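Side chains included, hydrogens not; waters and symmetry mates left out as well; all remaining heavy atoms used. Since we're looking at a predicted model, the values are computed, not measured.
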Amino acid sequence: MSSFNPLATILSRKPMDGKNYKQWKTNLDIVLQFEKLDFVLTTPKPAQPAENAFKATKTHFSNWEKANVSVRCYILASLANHLQEQVSMIESGAEMVKTLDDMFATSSSSARQNALTAVTKTIMTGGSVWDHCLAMIANFKQADNNGIKFVEEVKVDLLLQSLPEYFNQFKISYNMNKLNMDLTQLMHELESADPSLVKQENAFFVAESSVKPKGKPKRGNKKRKRRDKVFQLPNLLQ
């Protein structure tokens, strides 16, 4: 493994033996992202360029092959011996991961159903909207880990749907103005628009205004009271 990459040590702490597959896969993703090699797992191998191909085409092919070799080395070096033997002949890093997924991935049907239920059934019933958003983001991550992929727009729709009725005005405004936010931006906007915060401020204002001022009443008030009494005299004489 690359000695200059301190993150690579997380793969060498304990070889993947099948029992720790989920943690190993997470660590592998971290290392490959740090090394900017993760594209190998999602990008098909480019076709072998012809002799007269453009230099950029040849460079693209060469870069992919070098990255693929590095990915294969990271994978093989972090596997237990008996697993190394099973995947060492596979030429593509992406195919190696797919083979290991088929062997050890724990994304069972029940796990996927539980993850999907957590996303679609979680409703905010109290507390801060910030904490609720964090819980929903964690649910989306769990769903992603179990093979359920939501695009960002759908995540936003599901989060808005999980909010209580007092956020209806915010949701109407969001839809009418055709806003386009990611989850992080939406969290900040919702926190600013949280009606519970407005209620607290209003309660404080009412409490302040209900405190009666101390001291003697102003003269103007006395004069007004006398004037009121004068106007009442004719009624008393009748």
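Annotation for Lys55: atom NZ does not count as buried by contact number, only 12 or fewer foreign heavy atoms lying within 6.0 Å. Counting heavy atoms of neighbouring residues, nucleotides and ligands inside a 6.0 Å radius, atom NZ of Lys171 exceeds 12 of them. Applying the 6.0 Å contact sphere to NZ of Lys98 captures no more than 12 heavy atoms from other residues, nucleotides or ligands.
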| CA sep, side-chain torsions, deciding dist, call: Asn114, Gln142, side-chain contact (heavy atoms from CB on, under 4.5 Å) | CA-CA 9 Å; Asn114 291 337; Gln142 186 64 27; over 6 Å; no
| Verdict with supporting geometry, Ser162 and Met136, side-chain contact (heavy atoms from CB on, under 4.5 Å) | CA-CA 9 Å; Ser162 70; Met136 287 295 291; 4.2 Å; yes
| task | List the steps, then state whether side-chain contact (heavy atoms from CB on, under 4.5 Å) holds for Val119 with Lys155. | result | CA-CA 9 Å; Val119 168; Lys155 292 179 181 178; over 6 Å; no
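For the pair Tyr174 (side chain) and Met181 (backbone), a donor-acceptor distance under 3.5 Å is present. Of the possible donor and acceptor atoms, none in the side chain of Asp17 sits under 3.5 Å from a partner among the backbone N and O of Ala80. Between the side chain of Asn168 and the backbone N or O of Glu165, at least one donor-acceptor pair lies under 3.5 Å. Remark: side-chain polar atoms of Gln84 are paired, donor with acceptor, to backbone N or O of Leu76 under 3.5 angstrom. A distance-only check finds no donor-acceptor pair linking the side chain of Ser173 to the backbone of Phe170 [under 3.5 Å]. Under a 3.5 Å cut-off, the side chain of Thr43 and the backbone N or O of Val40 do not form any donor-acceptor pair. Distance alone, capped at 3.5 Å, is enough to place a donor-acceptor pair between the Gln185 side chain and the Asp182 backbone. Proximity of a side-chain donor or acceptor of Asn68 to a complementary backbone N or O of Gly93 within less than 3.5 Å is detected. Under a 3.5 Å cut-off, the side chain of Lys58 and the backbone N or O of Glu51 do form a donor-acceptor pair. Without hydrogens or angle criteria, Gln33 side chain to Asp38 main chain gives no donor-acceptor distance under 3.5 Å.
In plain terms, the two heavy atoms of Leu79 and Ile75 that are nearest each other are CG-O, 3.0 Å. Nearest heavy atom pair, residue Phe61 against residue Pro49, reads CG-CD, 3.5 Å. Closest approach of Ala143 to Ala115, counting heavy atoms only: CA-CB, 3.7 Å.
Side-chain polar atoms of Gln161 and Asp157 form no donor-acceptor pair below 3.5 angstrom.
Hydrophobic clustering places Leu163 together with Ile137 (ILVMFWY residues linked when any side-chain heavy atoms are closer than 4.5 Å, directly or through intermediates). Val69 and Ile90 sit in two unconnected hydrophobic clusters of ILVMFWY residues. Membership requires side-chain heavy atoms under 4.5 Å apart, directly or through other members. Linking Ile, Leu, Val, Met, Phe, Trp and Tyr residues whenever their side-chain heavy atoms come within less than 4.5 Å places Leu179 and Met187 in a single cluster. Residue Leu158 is grouped with residue Val151 when hydrophobic side chains (ILVMFWY) are merged at heavy-atom distances under 4.5 angstrom, including chains of intermediate members.
Considering Ile172, Leu190, Leu160 in turn, Leu190 is the only one that fulfils the side-chain contact (heavy atoms from CB on, under 4.5 Å) rule with Phe167.
How far CG of Leu28 is from CG of Leu41: 6.5 Å, rounded to the nearest 0.5 Å. Atom CD of Gln23 and atom NZ of Lys14 lie 10.5 Å apart (nearest 0.5 Å). Here NE2 of His132 is found 14.0 Å from CD of Glu191. Values are rounded to the nearest 0.5 Å. Atom CG of Asn63 sits about 8.5 Å away from atom NE2 of His60, to the nearest 0.5 Å. Rounding to the nearest 0.5 Å gives a distance of 7.5 Å between CD of Glu91 and CZ of Arg72. For the atom pair CZ (Phe104) and CE (Met16), the distance works out to 5.0 Å, reported to the nearest 0.5 Å.
Under the 4.5 Å side-chain criterion, counting only non-hydrogen atoms from C-beta, Leu186 is not in contact with Cys133. For the pair Leu83 and Met103, the minimum side-chain heavy-atom distance is below 4.5 Å. Counting only heavy atoms from C-beta outward, the side chains of Arg112 and Leu116 never approach each other to under 4.5 Å. Side-chain contact between Ser70 and Glu35 is absent, with no heavy-atom pair separated by less than 4.5 Å.
For Tyr21 and Trp24, the ring centers sit closer than 6.0 Å to each other.
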